[in-house]
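Accompanying notes for the structure given below.
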Amino acid sequence: MLAGRRLVGVKRLFAEICDRRVAFPVGATCLGVRRRAKKVILDFSDGSSLLISLGMTGQVRERERGPLPPHTHLVLSFEGREVIYVDPRRLGRLAASGAATTMWAARGDVNAWCDRQFGPDALDVPWEEFRRRLGASRGCIKTLLLNQKVLAGIGNIYADEALFRAGVHPRTPARDVPLEKLKKLYQALRGILRQSINASGTTLRDYVTSAGAPGDFARRLKVYGREGAACPRCGTPVRRLRWPAGRSSFYCPRCQRER
DNA sequence: AAGATTACCTGAAGGC
DNA sequence: TGCCTTCAGGTAATCT
């Protein structure tokens with residue numbers, strides 16, 4: 001728990017993690033930690049907020065005894081507790097993600113930036129809005145699911161799993177997905193995200209919870225990462241689809257027919 | 001202007 | 001043994 005603790009010091013070990021001009025609110029008290037889309041946000045008593053983008057391998061966790069772990073980029077010292085930011089692949093960022101040229105220190109600016117950047121959270125978007133946001137586009141359904149401006153919070157694993165459960169091929173143009181399948185997709189997505197949260201997420205290689213424990217959802221995955229394995233529904237070998245820039249989608253060619 | 005593509009990043013894993 | 005290549009995928013920038 002960080003809420004109620006005063007930030008007393010900051011140590012930066014990796015310069016590119018955030019802009020040098022980032023003014024950490026040393027002396028202010030942490031009011032709480034929240035999530036917006038896939039970002040972690042710390043709110044402080046001086047009206048500022050710190051926005052953390054974890055990228056692929058970023059972790060915010062409590063500092064344990066002994067030397068700092070490798071790839072520790074930041075140490076936030078609170079009264080009675082130290083929190084570290086660890087990120088081997090360094091895709092994560094502090095402040096506004098990206099080029100780290102701007103710091104959104106004021107809470108209102110952080111929230112406004114998020115409002116511009118993210119669509120409704122996939123966990124609580126109403127069906128009508130889901131349908132409106134996905135049903136009109138010519139773009140591939142999979143690409144749209146991953147677009148945080150359309151829906152916030154969905155990554156590659158859960159997109160593939162939801163498409164499998166709904167029986168939709170990842171390359172289907174979104175506007176061509178039949179309404180009943182779109183509804184299935186909506187329900188599958190919410191169910192999967194909810195189940196995964198209950199199982200503390202999905203650990204393939206790197207992911208751990210803030211307590212350092214691996215997530216337990218990996219064994220419930222039906223297609224993701226299972227190229228060549230039998231589809232749990234029909235037995236057909238699961239296929240991998242390659243997108244540009246090395247992205248993959250896993251799907252069952254029989255349960256998820258193209259067009 | 002929407003949609004498509006690419007750069008960023010490094011440890012793990014596999015081929016030879 | 002060790003060097004080389006490939007892969008992972010969230011995000012923003014760049015291209016068409």
Side-chain angles (χ1 to χ4, degrees), chain A residues 13-19 35-41 51-60 68-74 85-104 110 112-119 121-123 132-163 170-177 189 192-193 196 201-208 214-215 217-218 221 223-228 238-251:
Chain A
L13 300 145
F14 172 56
E16 284 73 33
I17 200 71
C18 59
D19 193 292
R35 173 186 77 87
R36 176 79 190 260
K38 299 182 193 174
K39 311 296 184 190
V40 177
I41 299 174
L51 186 144
I52 302 173
S53 181
L54 298 172
M56 274 301 299
T57 52
Q59 300 174 3
V60 177
L68 289 170
H71 309 295
T72 299
H73 302 323
L74 185 78
Y85 178 75
V86 183
D87 187 4
R89 235 140 85 192
R90 310 203 297 198
L91 290 178
R93 289 290 180 268
L94 263 61
S97 51
T101 51
T102 315
M103 174 57 184
W104 310 86
V110 170
W113 183 82
C114 289
D115 288 344
R116 288 196 301 276
Q117 206 73 6
F118 304 125
D121 196 284
L123 272 171
R132 187 168 57 74
R133 285 178 164 265
L134 287 166
S137 173
R138 287 187 288 120
C140 302
I141 185 75
K142 170 74 184 278
T143 307
L144 240 58
L145 287 175
L146 295 178
N147 185 339
Q148 304 299 298
K149 284 188 169 139
V150 176
L151 283 181
I154 304 167
N156 201 38
I157 297 173
Y158 302 129
D160 277 6
E161 291 298 306
L163 287 168
R171 214 156 36 195
T172 312
R175 58 157 68 152
D176 295 347
V177 177
L189 207 46
I192 284 163
L193 291 173
S196 176
T202 305
T203 295
L204 295 177
R205 195 144 73 192
D206 304 304
Y207 174 76
V208 289
F217 196 70
L221 300 179
V223 287
Y224 184 87
R226 306 188 65 236
E227 183 182 19
V238 170
R239 268 191 214 161
R240 172 196 290 234
L241 172 71
R242 305 275 184 170
W243 300 85
R247 276 327 160 267
S248 291
S249 291
F250 297 90
Y251 69 103

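Chain A is the first sequence line, chain B the second, and so forth, proteins listed ahead of strands; every chain is numbered from 1.
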**Q.** Main-chain N/O of A:G228 paired with A:R240 side-chain donor or acceptor, under 3.5 Å
**A.** no
(Q) Between A:K149 and B:dA2, is there a contact of a side-chain N or O with OP1 or OP2 at under 4.0 Å? (A) no
Q) Between B:dT10, C:dA12, B:dT6, which one does the side chain of A:R90 approach most closely? A) B:dT10
(Q) Tell me whether the side-chain N/O atoms of A:S248 come closer than 4.0 Å to OP1 or OP2 in C:dA8. (A) yes
(Q) Heavy-atom nearest nucleotide on DNA chain B for A:A136 versus A:A245: which residue maps closer to 5'? (A) A:A136
Q. Over how many whole Å does the gap from A:L145 atom CG to C:dT11 atom P extend?
A. 14 Å
Q) For the pair made of CD1 in A:I141 and P in B:dA4, what is the distance, rounded to whole Å? A) 12 Å
Q) How many Å lie between CD on A:Q148 and P on C:dA12, as a whole number? A) 9 Å
Q) Looking at A:C114 and A:I41, what are the two nearest heavy atoms and their distance? A) SG-CD1, 4.2 Å
**Q.** A:H71 side chain, from C-beta outward: closest of B:dG11, C:dG10, B:dG3
**A.** B:dG11
Q) Of the candidate nucleotides B:dC9, B:dG3, C:dG10, which contains the atom at the shortest distance from the side chain of A:K38? A) C:dG10
(Q) Ring-plane angle category for A:Y85 and A:H73, please: parallel below 30°, perpendicular beyond 60°, tilted otherwise. (A) tilted
Q: Answer yes or no: does a side-chain N or O of A:R240 lie under 4.0 Å from OP1 or OP2 of C:dC7?
A: no
Q. Can you tell which of C:dA8, C:dA12, C:dT11 lies closest to the side chain of A:R242?
A. C:dA8
Q. Per the atom types in the model, does the base of C:dT11 pair as donor or acceptor with the side chain of A:R247 at under 3.5 Å?
A. yes
Q) Does A:R89 get its side chain close enough to the base of C:dA8, under 3.5 Å, for a donor-acceptor pair? A) yes
Q | side chain to side chain contact (heavy atoms under 4.5 Å, CB included) partner of A:L145, the single match among A:D160, A:L134, A:V150, A:N156 | A | A:L134
Q) For the pair made of CG in A:D87 and P in C:dA8, what is the distance, rounded to whole Å? A) 19 Å
Q | Which atom of A:P88 lies closest to which atom of A:H71, heavy atoms considered | A | CA-CG, 3.5 Å
Q) Is there a side-chain polar atom (N or O) of A:Q117 under 4.0 Å from OP1 or OP2 of C:dA12? A) yes
Q: Could you state the atom-to-atom distance from CD1 of A:I157 to P of C:dG10 in whole Å?
A: 8 Å
**Q.** For atom NZ of A:K142 and atom C1' of B:dA4, their distance in whole Å
**A.** 15 Å
Q. So what does A:T143 hit on the nucleic acid, given a heavy-atom distance under 4.0 Å: a base, only sugar-phosphate, or nothing?
A. nothing
Q) A:R36 has an atom CZ; how far is it from atom P of C:dG10, in whole Å? A) 19 Å
Q) Which whole-number value in Å describes the distance from A:L54 CG to C:dT11 C1'? A) 12 Å
